[in-house]
Peer 1: 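Here's a structure for you.
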Amino acid sequence: MGETNPTEQFDPSGAPQQRRTTMMVIAAVGIALSLFQLYAAGIQPLGLFYQRSIHLSFIMVLAFLMFPVTGKRQRGAIAWGIDVVFLTAAIASGAYIVINLNEIFARAGFWSQTDIWMGIVTTLVVLEAARRSIGLGMTLIGVVAIVYGLAGPRGALPAVGEWLPGILEHRGNSFDRLVGQLYLGQEGIYGLPLGVAATYIFVFVLFGAFLEVTGAGKFFIDLAYAATGRKAGGPAKAAVLASAGMGSISGSAIANVVTTGAFTIPLMKKLGYRPAQAGGIEAAASTGGQITPPLMGAGAFLISEYTRVPYIDIVMVSIFPAILYLGTVYLFVHLVAMKAGMKGMPRADLPVVRDVLKAGWQFIVPLGVLIWLLVNNLSPMRVGFWAIVSVVAVALIRAMIELVWLEPQRGTSLTRARATAAARRGIEILGQALALGARNAVAVTMACAVAGIIVGVVGLTGLGLKFSSMMVAFSGGNLVLALILVLLASLVLGMGLPVTAAYIVLIVLVGPALSSEFGMPLLIAHLVVFWYSQDSNVTPPIALAGFAGAAIAGSKPLETSLQAWKFAKGLYLIPLFMVYNPEIIMGGPVPYVIYSGAIAVIALVGFAAALEGWLFTRMGWISRALIVPATIAVFHPDFFIETGGALAMLVIMALNWLQSRRGGTVVGVAAGKGC
């Protein structure tokens, strides 16, 4: 342990000591949860309700310990009294199911009064834990869902039902029926979303924590700098690559921004990017981490469960779209750098690829193990378990090489004291990783638990079918308008919900319409909603990743969010391309798949150039305006129209290249200079 702060040591209130004790308890609970999850993932799988109820109880205990009721770090006696009540209820909610599961199954839907009371307690505790860990918005949506489920002529709240518009009317549910469904039904708190969070998602979040604690973040950043640092706009390009690498295993755009952005944003500013641009680039790149294989955040596991498509297939079909998105962000970065005349970083300031790989080879091995096991159709939970084992194994091998071979070569002898210190350090890192993984899982698990409430209410009331009918009515059967409605709904939901919860709610509400009414393949419908659910990270007015980037860059949040929105345009266009060119996802004749991929690249390059006003040289307003209808044509389902749009873009880009060779500016600049 480090030195004790004198101010803390003699603080008469005892608050620092209280915080240290609380942190130790949080670490202990986190380690216990992670060990339980590893046991269930790799040694002895548990029944669904056992796994989910124990997992949620642990997570809620962590939530109440990590986030005091007052919102302040220090708890007074009253705050501790309230939190102890919630902690007790959190433990009891899971313990009741574990102890009485056989009797509950035997009752087969005829709930006892104790079941109902425990259901009420659990629902309240879940809503409060969600409020503390992910914000009031998620809790309010959960409460609205419950009120809606009770509203109706035969429900517990008939008066509320009178206020519902005709299309939203339903007969209502009694209090007992709704609570029983939410607590003990297969669609409810312990339903599919929580099931995925308690199995696949947690194990991979823990895998990311092990990589993070052992230094993978620095490895990815150094490798990205070594690869791109000397190019124009090098730090920004490194941010794209590092964010894709780290984001694909962390599963959180915001965490990715603060992790990699702490290194990349200051260097981007130093190179010449405006603060808002630097923060926006990092936010857009970090958002790409959640759609980049092999892990893709929590949503990919949910897509697999909902569609019954093997997880490895989700990974494989997502590779090309992810490359398109990250390539678009990379292109924006390049265009901004070329337009501003930026240069790369000096070679002396950059790491060498060989040295980076020599120092961090142990981070590549677990990713290779993970991909190999996925390809061999092992269950994702078991894959995560063995991936974590491989992280520990290669870290141990690395430490042994350092101690036994490299240190003696440097003139440092291996003593018993040094070996003991190294072992203690290894155990400490192991504990940090186990605790960090559990803490990182709190938000996503609570989001999935409240999403279970929403899913349960949707199932009881038939809201999904009604919402689908409304979407068809409002869009007039036009698929483009329907997709715009989905995009707007995802943006509104994203203001109050985490990305994973927004995806679950949206797919439950609009998924049936996209598949049945508009004839969209089920997998593509899920991928479109999954991609659009990411937009709350980069779309004003609530752009969470953009706000995180602004905090690091020292720029205005709204201006940074607008930049992130611009750089992340692929997030809106690529799903549209999936819809009208399903061959790039579903497969088809190889020539046509290659053709579809090629025109997608052309469309994204042209659109990025038009937005930035630069490709090989500055683009005039006429050229930029002509690209807009050409882009629309590329996304048209008719083969000849999309081919014509692609050819028009190629002609405009070729003219821009010829103009750059002549040292001038392409046609139309006289009408107004590009931005």
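Position 1 is the first residue of the sequence, and the numbers go up from there. Given the structure is predicted, the values throughout are model-derived calculations rather than measurements.
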Peer 1: Is it the case that the side chain of Ser660 and the backbone of Trp657 share a donor-acceptor pair, with hydrogens and angles ignored and the cut-off at 3.5 Å?
Peer 2: yes
Peer 1: Between Val257 and Ile552, is there a side-chain heavy-atom distance shorter than 4.5 Å?
Peer 2: yes
Peer 1: Can you tell me how far CD of Gln277 sits from CZ of Phe567, rounded to the nearest 0.5 angstrom?
Peer 2: 5.0 Å
Peer 1: When you measure from the side chain of Arg624 to the backbone N and O of Leu611, does any donor-acceptor pair fall under 3.5 Å?
Peer 2: yes
Peer 1: Answer whether the closest heavy-atom distance between the side chains of Val634 and Phe607 falls below 4.5 Å.
Peer 2: no
Peer 1: How far apart are the closest heavy atoms of Ser596 and Glu583, and which atoms are they?
Peer 2: OG-OE1, 4.1 Å
Peer 1: If I take atom OH from residue Tyr572 and atom CD from residue Gln534, how far apart are they, to the nearest 0.5 angstrom?
Peer 2: 10.5 Å
Peer 1: So that I know where these two stand, are Tyr311 and Tyr200 an aromatic pair - ring centroids less than 6.0 Å apart?
Peer 2: no
Peer 1: Drop me the distance from Phe547's CZ to Leu558's CG, to the nearest 0.5 angstrom.
Peer 2: 7.5 Å
Peer 1: Taking the side chain as every heavy atom from C-beta outward, state whether Gln563 and Ile281 have any atom pair closer than 4.5 Å.
Peer 2: no
Peer 1: Run the numbers on Leu604 and Ile574 for side-chain contact (heavy atoms from CB on, under 4.5 Å), then give the verdict.
Peer 2: CA-CA 9 Å; Leu604 290 170; Ile574 294 169; 4.0 Å; yes
Peer 1: For Ile504 and Cys448, work out which heavy atoms get closest and say how close.
Peer 2: CD1-SG, 4.2 Å
Peer 1: To the nearest 0.5 Å, what is the distance between OG1 on Thr617 and CG on Leu658?
Peer 2: 12.0 Å
Peer 1: For the CE atom on Met316, are there more than 12 heavy atoms of other groups (residues, nucleotides or ligands in this structure) within a distance under 6.0 Å?
Peer 2: no
Peer 1: Taking all non-hydrogen atoms of both residues into account, name the closest pair between Ile265 and Gly549 and its distance.
Peer 2: CD1-O, 3.8 Å
Peer 1: Got a donor-acceptor contact below 3.5 angstrom from the Thr214 side chain to the Leu211 backbone?
Peer 2: yes
Peer 1: Do Val605 and Met649 have side chains that approach each other closer than 4.5 Å (heavy atoms only, starting at C-beta)?
Peer 2: no
Peer 1: Could you tell me whether the side chain of Pro366 reaches within less than 4.5 Å of the side chain of Phe207, counting heavy atoms only?
Peer 2: yes
Peer 1: Given 3.5 Å as the limit, does a donor-acceptor pair link the side chain of Ser533 with the main chain of Phe530, or not?
Peer 2: yes
Peer 1: So which atom in Ser318 and which in Leu527 form the shortest heavy-atom distance, rounded to 0.1 Å?
Peer 2: OG-CD2, 4.2 Å
Peer 1: Taking the six-membered ring for Trp, are Phe635 and Tyr580 closer than 6.0 Å centroid to centroid?
Peer 2: no
Peer 1: Backbone N or O of Ala482 within a donor-acceptor pair of the Ser475 side chain at under 3.5 Å?
Peer 2: no
Peer 1: Give me the atom names and distance for the closest heavy-atom approach of Tyr325 to Ala284.
Peer 2: OH-O, 2.7 Å
Peer 1: Would you indicate whether the side-chain heavy atoms of Ser286 and Asn537 approach each other to under 4.5 Å?
Peer 2: no
Peer 1: Looking at Lys269 and Ala553, what are the two nearest heavy atoms and their distance?
Peer 2: NZ-O, 2.8 Å
Peer 1: Looking at Tyr532 and Ala489, would you say the former's side chain and the latter's main chain have a donor-acceptor pair under 3.5 Å?
Peer 2: no
Peer 1: Could you please spell out the steps behind the side-chain contact (heavy atoms from CB on, under 4.5 Å) verdict for Leu357 and Phe219?
Peer 2: CA-CA 8 Å; Leu357 292 174; Phe219 168 73; 4.2 Å; yes
Peer 1: Drop me the distance from Ile594's CD1 to Ile599's CD1, to the nearest 0.5 angstrom.
Peer 2: 13.0 Å
Peer 1: Examine distances only and state if a side-chain atom of Ser623 and a backbone atom of Met619 form a donor-acceptor pair shorter than 3.5 Å.
Peer 2: no
Peer 1: Between Lys237 (side chain) and Val333 (backbone), is there a donor-acceptor pair under 3.5 Å?
Peer 2: no
Peer 1: With rounding to the nearest 0.5 angstrom, report the CG to CG distance, Leu655 to Leu615.
Peer 2: 11.5 Å
Peer 1: Does the pair Tyr503 and His526 meet the rule for a side-chain contact (heavy atoms from CB on, under 4.5 Å), with working shown?
Peer 2: CA-CA 9 Å; Tyr503 158 72; His526 278 262; 2.8 Å; yes
Peer 1: If the test is side chain to side chain contact (heavy atoms under 4.5 Å, CB included), which one of Ile59, Ile201, Ile134, Val196 qualifies with Thr445?
Peer 2: Ile59
Peer 1: Tell me, with the steps shown, if Lys566 and Glu612 meet side-chain contact (heavy atoms from CB on, under 4.5 Å).
Peer 2: CA-CA 9 Å; Lys566 181 179 79 171; Glu612 196 55 48; 2.8 Å; yes
Peer 1: With a 4.5 Å cut-off on side-chain heavy atoms, are Arg439 and Leu436 touching?
Peer 2: yes
Peer 1: Could you tell me if the side chain of Leu206 sits less than 4.5 Å from the side chain of Phe202, heavy atoms only?
Peer 2: yes
